[in-house]
Amino acid sequence: QVQLVESGGGLVQAGGSLRLSCAASGRTFSTSAMGWFRQAPGKEREFVAAIRGSSAITYYTDSAEGRFTISRDNAKNMVYLQMNSLKPEDTAIYYCAARTSVYTTRDYRQYDYWGQGTQVTVSS
């Protein structure tokens, strides 16, 4: 069983930065692929970034590439999403997710565990 708790969301002006954190519990964290997803009102949950288990290989959606950075600290059971140059269209609830696999996927339905989400609001 894995429990995930996100933090770090908030209100920021366009062009600003936020760092989201995800605290994970569970013995298999280091081998779990981790992902960040977001969901805006009235829209489907969408992939933002992911990091493979047991490695630092990362993947990003096109809109996040070059602005966001996903990282993990296996010693602390933490995953981070550094978000720079934020835009109003980045406004959403951001969720941390974990898979019982080292391999990532962009399909949110293939993640096994989810946090409660943290709100990110970017004002113009």
Visitor: For Leu81 and Val48, run side-chain contact (heavy atoms from CB on, under 4.5 Å): C-alpha distance rounded to whole Å, both residues' side-chain angles, the deciding distance at 0.1 Å, then the answer.
Guide: CA-CA 10 Å; Leu81 184 68; Val48 177; 4.2 Å; yes

Visitor: Rounded to the nearest 0.5 Å, what separates atom OH in Tyr103 from atom CD in Gln110?
Guide: 14.5 Å

Visitor: Check whether Thr58 reaches the backbone of Ile70 with its side chain - one donor and one acceptor, N or O, closer than 3.5 Å.
Guide: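 Checked: no pair found.
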
Visitor: Does anything in residues 41-63 pair up under salt bridge (charged side-chain N to carboxylate O under 4.0 Å, His left out), and if so which pairs, sequence neighbours excluded?
Guide: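 Applying salt bridge (charged side-chain N to carboxylate O under 4.0 Å, His left out) to every pair that reaches into residues 41-63, excluding sequence neighbours, yields Arg38-Glu46.
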
Visitor: Is the number of heavy atoms from other residues, nucleotides or ligands within 6.0 Å of CD (Gln116) greater than 12?
Guide: yes

Visitor: Measure the spacing between OG of Ser32 and CG of Asp112 and express it to the nearest 0.5 Å.
Guide: 8.5 Å

Visitor: Taking all non-hydrogen atoms of both residues, which atom of Trp36 and which atom of Cys22 are closest, and how far apart?
Guide: CZ2-CB, 3.7 Å

Visitor: Output the distance between atom OG1 (Thr91) and atom CG (Leu86), rounded to the nearest 0.5 Å.
Guide: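 These two atoms lie 8.5 Å from each other.
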
Visitor: Is there a side-chain contact (heavy atoms from CB on, under 4.5 Å) between Cys96 and Tyr113? Walk through the geometry before answering.
Guide: CA-CA 8 Å; Cys96 175; Tyr113 303 99; over 6 Å; no

Visitor: Hey, does the Lys NZ or Arg CZ of Arg72 hover above the aromatic six-ring of Tyr80, less than 6.0 Å from the centre and inside 45° of the axis?
Guide: no

Visitor: Where do Asn77 and Ser25 come nearest, in terms of heavy atoms and distance?
Guide: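 Closest pair (atom of Asn77, atom of Ser25, distance): ND2-CA, 4.3 Å.
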
Visitor: Heavy atoms only: give me the nearest Met83-Val120 pair and the separation to one decimal.
Guide: CE-CG2, 3.9 Å

Visitor: Which ILVMFWY residues can you reach from Tyr59 by hopping between side chains whose heavy atoms are under 4.5 Å apart?
Guide: Phe37, Phe47, Ile57, Ile93, Tyr95, Tyr108, Tyr111, Trp114

Visitor: Met34 and Ala98: which non-hydrogen atoms are nearest, and at how many Å?
Guide: SD-CB, 3.5 Å

Visitor: State, to 0.1 Å, how close Pro88 and Ser124 come at their nearest heavy-atom pair, and which atoms those are.
Guide: CG-CB, 3.8 Å

Visitor: Yes or no on side-chain contact (heavy atoms from CB on, under 4.5 Å) for Thr105 and Arg99, after CA distance, side-chain angles and deciding distance?
Guide: CA-CA 9 Å; Thr105 173; Arg99 294 194 77 201; 3.7 Å; yes

Visitor: For the side chain of Thr118 and the backbone of Gly9, is there at least one donor-acceptor N/O pair under 3.5 Å apart?
Guide: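 Side chain of Thr118 to backbone of Gly9: a pair is present.
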
Visitor: Check whether Glu6 reaches the backbone of Gly117 with its side chain - one donor and one acceptor, N or O, closer than 3.5 Å.
Guide: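 The answer is yes, because a donor-acceptor pair under 3.5 Å joins these two groups.
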
Visitor: Test side-chain contact (heavy atoms from CB on, under 4.5 Å) on Thr61 and Phe68 and set out the steps.
Guide: CA-CA 10 Å; Thr61 191; Phe68 295 2; over 6 Å; no

Visitor: How far does OH of Tyr94 sit from CG of Leu20, to the nearest 0.5 angstrom?
Guide: 7.5 Å

